[in-house]
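Working notes for the structure below.
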Amino acid sequence: MAPVQRTLVERTFRVTLADQAANRYPRVEFEVDGFDSIEATLSFSREGGAGIDMGCESPQGWRGWSGGARTSFIIARSDATPGYIPGDLESGTWAVVLGLHTVPSHGCDVTVCVRTPASGSIDHGPADEPIHREVRGSERGLPAPPGLTWYAGDPHNHCLHSDGQLSLWQLANEGVASGLDYLGCTDHNTVSHHPHLAAVSARHGITLIPGQEMTTHRGHANAWGQVGFIDFRQPAQRWVDEAAERDAFMSINHPVSDDCSWLHPLETEPPGAELYHGSWYLRPTDTSILAWHARWKHDVVVMGGGDFHHYSTPLRPGMPTTWLAAEECTPEALIDAMKAGRTTITAAARMVSENEARPILFDIPTMIRLDEDGIIAVDAVGTVMVDRLGERICVTDQNQRIAAPRRFGPFRLEGADRRVLALCG
């Protein structure tokens, strides 16, 4: 016989625009004492476009976030809903943390209920078998400094641990199919996926880098590293400080992007910025991100990110591809390459055809030595290199070196249709 559930809290209340203005992350608290599991549910009226997010906090810290992707979660000692961290349910005051993302002008009714023990099931998604790898980006043999290899990957991806459609196993297979050496796993406002990455990496033959996307209505940013949770509810300057203190690498995501462009004030900038985002494939000649960068610091580490979530678009991981020059293809070495600024971006990793490689740009100081300025364009004949000042140079040689002072970056390669094919610092 199934154990009888006990209700720990059940609250129905109305949230208004005034509530959202006062506190975007209200808490519904409940007491835990000697339980093996809890199950929380959220319901609200969606009339008028209401959108309410959901997460959980325990006395010892953050236990997870599902945003608007789910309206229920389970946390137990041995397992938890993707997005949440399993483990002991310490006694004390817990809270369901809400995110008042969108609230209609007339407000909306919200009900939060928490019960013990949990009666539902936990689904981590399909554990697909590894697919056969046909190509790996690092096999392209791009010129690199001694002891380093250019590894192809996509540092910005999502899975079932936030609002992605794929399990970690499925996501890994997508990276392999795209010819990538690595994938960054950057689920929103949670690190629940981190403990699973090493096993999935080993099983599927692709390096998975632990990351977190700090996600708010005023902008998003990624932090990579096995550094624990960075609280998205704190001011963004605190994200920058904590990432530096914990030896993580942080980058602002899609700084110009519809309703989630970067609006957070900062005293010190993070080292990276996602200057090539998957949305560029929908707006291939849009230069607004370059206008943003012109007002930003010019020694920023140039990052790309596909921001892959699901199968509903033709975009896949590696669109665009961020190449990292690293000593080996491990999470630690790849993050070190980000910190050192050894990055360059291409529209994708795969070959255009069997005999034609995608064009790529390298910053020569990264490639050779710091006292030599310029850019080298590889496999880029017929394209045009453009700098921040709008100067245009036609690429006519297979491995063309171009005199280009660093202060005029970022540099981009354009095709005849002005589509951006590659980008570097």
Side-chain angles (χ1 to χ4, degrees), residues 5-32 38-58 62-75 80-84 93-116 118-123 158 160-165 187-190 192 212-220 229 231-236 253-254 257-264 307 309-310 312:
Q5 280 194 315
R6 169 186 168 192
T7 298
L8 302 178
V9 66
E10 185 167 11
R11 279 189 56 198
T12 298
F13 52 98
R14 192 165 188 81
V15 295
T16 66
L17 286 173
D19 295 321
Q20 183 194 54
N23 178 16
R24 278 188 171 262
Y25 305 110
R27 294 160 52 91
V28 177
E29 295 184 345
F30 58 97
E31 297 299 317
V32 168
I38 58 170
E39 182 172 12
T41 59
L42 166 69
S43 60
F44 58 93
S45 170
R46 298 180 184 272
E47 182 182 355
I52 309 297
D53 296 337
M54 187 183 197
C56 184
E57 194 166 29
S58 77
W62 194 247
R63 293 300 286 260
W65 182 256
S66 45
R70 294 182 177 84
T71 55
S72 67
F73 65 79
I74 291 171
I75 298 177
T81 300
Y84 295 83
T93 301
W94 287 52
V96 172
V97 180
L98 302 180
L100 306 185
H101 182 57
T102 54
V103 178
S105 58
H106 57 272
C108 71
D109 293 323
V110 175
T111 299
V112 173
C113 183
V114 183
R115 295 186 174 93
T116 188
S119 62
S121 60
I122 296 171
D123 183 9
H158 299 276
L160 286 174
H161 282 259
S162 60
D163 59 348
Q165 184 186 69
D187 281 305
H188 300 283
N189 299 336
T190 186
S192 62
Q212 174 193 339
E213 183 168 15
M214 290 79 75
T215 304
T216 76
H217 69 292
R218 290 176 58 80
H220 303 181
F229 174 68
D231 197 336
F232 63 99
R233 298 168 295 177
Q234 297 298 316
N253 290 344
H254 40 68
S257 181
D258 296 329
D259 68 342
C260 54
S261 297
W262 186 260
L263 299 174
H264 289 287
D307 204 357
H309 282 74
H310 41 68
S312 65

| task | On the 0 to 90° scale, with breaks at 30° and 60°, tag the F73-Y84 ring pair as parallel, tilted or perpendicular. | result | parallel
| task | Take V28 and V9, measure what side chain to side chain contact (heavy atoms under 4.5 Å, CB included) needs, and give me the verdict at the end. | result | CA-CA 8 Å; V28 177; V9 66; 4.2 Å; yes
| note | In this structure, CZ of R14 is separated from CG of D19 (nearest 0.5 Å) by 10.5 Å
| Is it true that a side-chain atom of T102 and a backbone atom of G51 form a donor plus acceptor pair closer than 3.5 Å? | yes
| Approximate separation, where rounding is to 0.5 Å, of Q212 CD and H161 NE2 | 14.0 Å
| query | How about T111 and T12: does a side-chain donor come under 3.5 Å of a side-chain acceptor? | reply | yes
| message | Please give me the minimum heavy-atom distance between L17 and S105, naming the atom from each residue. | response | CD1-CA, 3.7 Å
| query | Taking atom CZ of R11 and atom SG of C113, what is their separation to the nearest 0.5 Å? | reply | 12.5 Å
| message | Donor-acceptor check, side chain of S312 to backbone of H310, threshold 3.5 angstrom: yes or no? | response | no
| Does some side-chain heavy atom of P104 sit less than 4.5 Å from a side-chain heavy atom of E47? | no
| query | Are I52 and C108 close enough, and set up right, to give a side chain to side chain contact (heavy atoms under 4.5 Å, CB included), and what steps lead you there? | reply | CA-CA 10 Å; I52 309 297; C108 71; 4.3 Å; yes
| In Å, rounded to the nearest 0.5 Å, how long is the span from CD1 of I75 to CD of E39? | 11.5 Å
| request: With the side chain counted from C-beta on, respond yes when D187 and S192 share a heavy-atom pair under 4.5 Å apart, and no when they do not. | output: no
| request: Flag the pair V110 / L98 as yes when at least one side-chain heavy-atom distance between them is below 4.5 Å, and no otherwise. | output: yes
| Nearest heavy-atom pair of M54 and W65: which atoms, and what distance? | O-CE3, 3.4 Å
| Is the count of non-hydrogen atoms from other residues, nucleotides or ligands lying under 6.0 Å from H309 atom NE2 greater than 12? | yes
| task | Might you work through the side chain to side chain contact (heavy atoms under 4.5 Å, CB included) test for I38 and L8, ending with a clear yes or no? | result | CA-CA 9 Å; I38 58 170; L8 302 178; 4.1 Å; yes
| Does some side-chain heavy atom of E31 sit less than 4.5 Å from a side-chain heavy atom of T93? | yes
| said: Rounded to the nearest 0.5 Å, what separates atom CZ in R218 from atom CG in D259? | reply: 13.0 Å
| task | Give me the ring orientation class for H188 and H158: parallel if the planes are under 30° apart, tilted from 30 to 60°, perpendicular past 60°. | result | parallel
| message | Using every non-hydrogen atom in the two residues, find where T190 and G64 come nearest and quote the distance to one decimal. | response | OG1-CA, 4.1 Å
| task | Locate the shortest heavy-atom distance separating T81 from S72; write the atom from each residue and the value. | result | CG2-O, 4.5 Å
| Heavy-atom side-chain contact between R233 and R24 under 4.5 Å | no
| ring pair (Phe, Tyr, Trp, His ring centres under 6.0 Å) with H264: which residues, sequence neighbours excluded? | W239, W262
| message | Which heavy atom of V114 sits nearest to which heavy atom of A40, and what is that distance? | response | CG2-CB, 4.0 Å
| Does H220 reach the side chain of N189, with side-chain heavy atoms less than 4.5 Å apart? | no
| field | Nearest atoms (heavy-atom pairs only) where V97 meets R27 | value | CG2-CG, 4.3 Å
| query | NE2 of H217 to CG of D53: how many Å apart, nearest 0.5 Å? | reply | 12.0 Å
| query | Any side-chain donor paired with an acceptor under 3.5 Å for Q5 and T116? | reply | no
| message | Quick one, V103 with F44, criterion side chain to side chain contact (heavy atoms under 4.5 Å, CB included). Give me CA distance, side-chain angles, the key distance, then yes/no. | response | CA-CA 11 Å; V103 178; F44 58 93; over 6 Å; no
